[in-house]
**Q** 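Structure provided below as structure tokens; questions to follow.
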Amino acid sequence: MASRFDSLIQRTIPAFRNKRMTLGTSSVGFVPTMGALHEGHLSLVREAREKNDIVVSSIFVNPTQFGPSEDFDKYPQQLQEDARMLEELGVDIIFAPNKDEMYTDNHTTKVMPEIFETTAEGKSRPGFFTGVATVVTKLLNVVQPTNAYFGQKDAVQCCVIRRIVEDLNIPTNVVIMPTVRESDGLAMSSRNAYLMPEERLIAPVVFKSLLAGEQAWLDNDKQASAEEIVAEVQKVLNQEPMVNEVQYVSVDSNINMLPIDSVGPEGCCLSLALKCGEVRLIDNIVFGAIR
Ligand code: AMP
């Protein structure tokens, strides 16, 4: 069915490239997403709009980054509503390919950022970062942006992308933007829509627990062991019975997201993943960062 966004949305790589060519050789800002857009995504788009001549956003629910028991089939999809928001912010092209456009029957090449499979998030979702690295490399090759924008909300993903760009000599500048939160501290996420009302009420405990971990470090003159920090986080989470599975609480180098034993004034990234009811939530904070 025809829609008023048909000229904004490009479904194939050749159509995208044709449209891109008509816009000339100016700077291109790129915001890759899986759609179901919220203010977190839109903050990246606004930054891209401000700093580039042309803005491209992609909407693609990437099957290779979902595990067999994950939510690929029910991931929220709302292309027309997303297109309306992106048009309003002045996006020039939305690249929204289908699965067969991105992965032909002969597709075989994978980008494997092995070390990141050993991070807490990588261990929790085997194969996830290979899926992410492969699709982001493909999207960067299709779009060829000057600047690409990603959210700190997905901390390991930020490190993976910085590595891909440097290791594979991709001529794109990677820009990391702060996590956008609801007024009660819950990090915005497309998956928050899965939360039942009573789960949504207690979900801010995730951010609260991370802040308690940071406070332990601040209270001890910016010195703490990973063990002490994790214990503070757990203490807060333990008070909330609706948190039914803490998958990890991890204290990592904020450069590469690999675990560290103790944290000094240089700080760290404290991250966690848990299940609130059936919904998996992730969040992180970088110690000492202004928020
Ligand atoms: P996704 O659609 O979940 O793949 O996210 C697309 C991009 O938006 C990624 O770079 C995410 O890190 C970023 N993003 C998602 N949620 C937030 C948020 N709450 N704040 C800032 N960026 C976000």
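Ligands are counted one by one from 1 in listed order, and the atoms in each one are counted from 1 as well.
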**Q** State plainly whether one hydrophobic cluster holds both L140 and F95, where clusters connect Ile, Leu, Val, Met, Phe, Trp and Tyr through side-chain heavy atoms under 4.5 angstrom apart.
**A**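 Same cluster: L140 reaches F95 through Ile, Leu, Val, Met, Phe, Trp or Tyr contacts under 4.5 Å.
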**Q** Is any side-chain N of the basic residue among R84 and E87 closer than 4.0 Å to the acidic one's carboxylate O?
**A**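 Salt bridge flag = no for E87 with R84.
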**Q** May I ask you to check if K138 and Y103 form a cation-pi contact, with NZ or CZ under 6.0 angstrom from the six-membered ring centre and within 45° of the axis?
**A**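 Cation-pi check for K138 and Y103: passes.
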**Q** Establish, yes or no, whether the cationic atom of R163 lies under 6.0 Å from the six-membered ring centre of F116 and within 45° of the ring axis.
**A**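 Ring-cation test returns no.
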**Q** Ligand 1: which residues have a non-hydrogen atom closer than 4.0 Å?
**A**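 Residues P32, T33, M34, H38, G40, H41, L44, F150, G151, K153, D154, Q157, P178, T179, V180, M188 each place a heavy atom under 4.0 Å from ligand 1, listed by chain and number.
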**Q** Can you list the residues that meet the side-chain hydrogen bond (donor to acceptor under 3.5 Å, both in side chains) rule with S27, with sequence neighbours excluded?
**A**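 So S27 forms a side-chain hydrogen bond (donor to acceptor under 3.5 Å, both in side chains) with D53.
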**Q** Tell me whether K74 forms a cation-pi arrangement with Y194, defined as NZ or CZ under 6.0 Å from the six-membered ring centre and within 45 degrees of its axis.
**A**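 Because its charged atom sits under 6.0 Å from the ring centre and within 45° of the axis, K74 does stack over Y194.
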